[in-house]
There are 2 protein chains.
Amino acid sequence: MSARLPETESSECTRDRLLVAAREVFAESGFKGATVREICRRAGVNVAAVNYHFNGKEALFMAALELEPLENMIASSCGPDNAEVRLGRFIHEFMLRLMNGCCTPHSQLIMRELLEPSPALDSIAKEIMIPLHRHLTGLVREIVGDRVSDAEVRRHVFSLLGQCSYYRNTREMNRLMYPELAYDAQEIEATAKHITEFSLAGLKQAAGK
Amino acid sequence: MSARLPETESSECTRDRLLVAAREVFAESGFKGATVREICRRAGVNVAAVNYHFNGKEALFMAALELEPLENMIASSCGPDNAEVRLGRFIHEFMLRLMNGCCTPHSQLIMRELLEPSPALDSIAKEIMIPLHRHLTGLVREIVGDRVSDAEVRRHVFSLLGQCSYYRNTREMNRLMYPELAYDAQEIEATAKHITEFSLAGLKQAAGK
DNA sequence: GACTGTATCAAACGCTTGTTTGAAATTCAA
DNA sequence: TTGAATTTCAAACAAGCGTTTGATACAGTC
């Protein structure tokens, strides 16, 4: 092979390449359907590297699920604006994360984990879903006020998340059914705008009861 | 073995048991993750039966996806009532199909197919998604009127479907995050009612623009 | 009763899987 | 320069995979 990096850099490089490839392959095929050989093929490393660097396929899977925390996305909906404006910004940021090409393996991996849970479900709940739900519950509560029950607030939060994640989940089917429709930045913005307006109407109606 | 059925009944029995087991295993693990041996174990038949009755794993998968057509569910939203009432009945019926225990393998299989498409995506589009979209597009158009663009109508349809399918897709995560929440008939009805009201608010606002 | 056709079985095949192993290459420290 | 440590490699292992095969059991027909 060519001249190697310093050992720790070489090791980090191999680990990073494995993680990137692992996210792609696990996102596409799930834990069972993904193979160590396919991951290593994409990473351009030896199959033994998985056991050497990660102690096996399952540990690699858990490491691949280590996720960027939500602070950046949640930060987009903080600030002095009223709750409706902040909700709109949040939805736009969320849709960008779900639909942008560069985020595809991550968001696909999360959606798949929701549908086909692994032992990582607990940590995904703690690191992703509970903060997300808590944040959105706060926004919804700000908009609907105190007279709406917790159960109803929860349903509103689910309605918000359901609309956004639908686009991620049905991406291939939509490509088939609407071949001319491309989710570029413009279409993502229009979609986020729709989800915001559609949802605010329902939230305001709930507030007015 | 014990006394056998007449040949055609024996054959139908084996095929049916394989199909039921196949739906469960494919729904849980996907095409790649599912194994012929696991399917046959659950069906209580010999592994050779898959090739004998279905000509292989892939043909079994396609047969497992053969789906009950939507006429019954679509029929629930036909009749003399106005579109809002019919939309509500449709959503309730849809939620029952998504969340009822007896429909779990079927609806889980469809959700998984959307997220992780197989070569069956085309036929699922033709038999399930296109009729569903067309039907909902008709209902939405009746409610919002003629001044709303086709693109906006499509987004409303996606919002409706997204809210409903979210419960199916996040079932395990919700069980973890809200352990006291059981989607019995009463909770399903309350959820359908929420989705209907939440959505009608958005649809009426779109109509009023 | 003999023969044919169908359905099921246990076993085996060739291939792929995740993991392990000993060797080789390279980096690092003394 | 030497020895230790780390990383990477090709090859092999045992297990499991989807599929095939020949045998067996039974139903149906004449």
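Small disclaimer: the values here were computed from a predicted structure and weren't measured. Reminder, nothing fancy here: chain letters follow the sequence lines and each chain counts from 1.
- Mapped onto DNA chain D by nearest heavy atom, F31(B) and H53(A) fall at different nucleotides, with H53(A) at the one closer to the 5' end.
- For the pair F54(A) CZ and dG18(C) C1', the interatomic distance rounds to 16 Å; values are reported in whole Å.
- Here the options are F94(A), Y183(A), Y178(A), the test is ring pair (Phe, Tyr, Trp, His ring centres under 6.0 Å), and the partner is Y167(A); only Y183(A) passes.
- For T14(A) and dT7(D), the shortest distance from a side-chain N or O to OP1 or OP2 is not below 4.0 Å.
- At whole-Å resolution of the value, OH in Y52(B) and P in dT6(C) are 7 Å apart.
- Following rounding to the nearest Å, R17(B) (CZ) and dA7(C) (C1') show an atom-to-atom distance of 13 Å.
- One atom, NZ of K57(A), and another, C1' of dT17(C), lie 8 Å apart when rounded to the nearest Å.
- Residues I91(B) and T191(B) are not in side-chain contact: their nearest non-hydrogen atoms beyond the backbone lie 4.5 Å or more apart.
- Rounded to an integer number of Å, the gap from E12(A) CD to dT27(C) C1' is 16 Å.
- One atom, CD of E38(B), and another, P of dT17(C), lie 20 Å apart when rounded to the nearest Å.
- Protein atom CG of L60(A) is 15 Å distant from nucleotide atom P of dT17(C), rounded to whole Å.
- A donor-acceptor contact under 3.5 angstrom links the side chains of S199(A) and Q163(A), judged on distance only.
- Of all non-hydrogen atoms in T35(B) and V25(B), the two that sit nearest each other are N-CG1, 4.4 Å.
- The interatomic distance linking L18(B) (CG) with dT8(C) (C1') rounds to 12 Å, in whole Å.
- A donor-acceptor contact closer than 3.5 angstrom is absent between the side chains of H53(A) and T14(A).
- Taking only distance into account, the side chain of N46(B) meets the base of dA10(C) through a donor-acceptor pair shorter than 3.5 Å.
- One can find a donor-acceptor pair under 3.5 Å joining the base of dG18(C) and the side-chain atoms of R37(A).
- Within 4.0 Å of V50(A), counting heavy atoms only, lies no atom of the nucleic acid at all.
- Taking only side-chain nitrogens and oxygens, N51(B) comes nearer than 4.0 Å to OP1 or OP2 of dT19(D).
- Toward the 5′ end of DNA chain C lies the nearest nucleotide of V47(B), the other residue of the pair V36(A) and V47(B) mapping further downstream.
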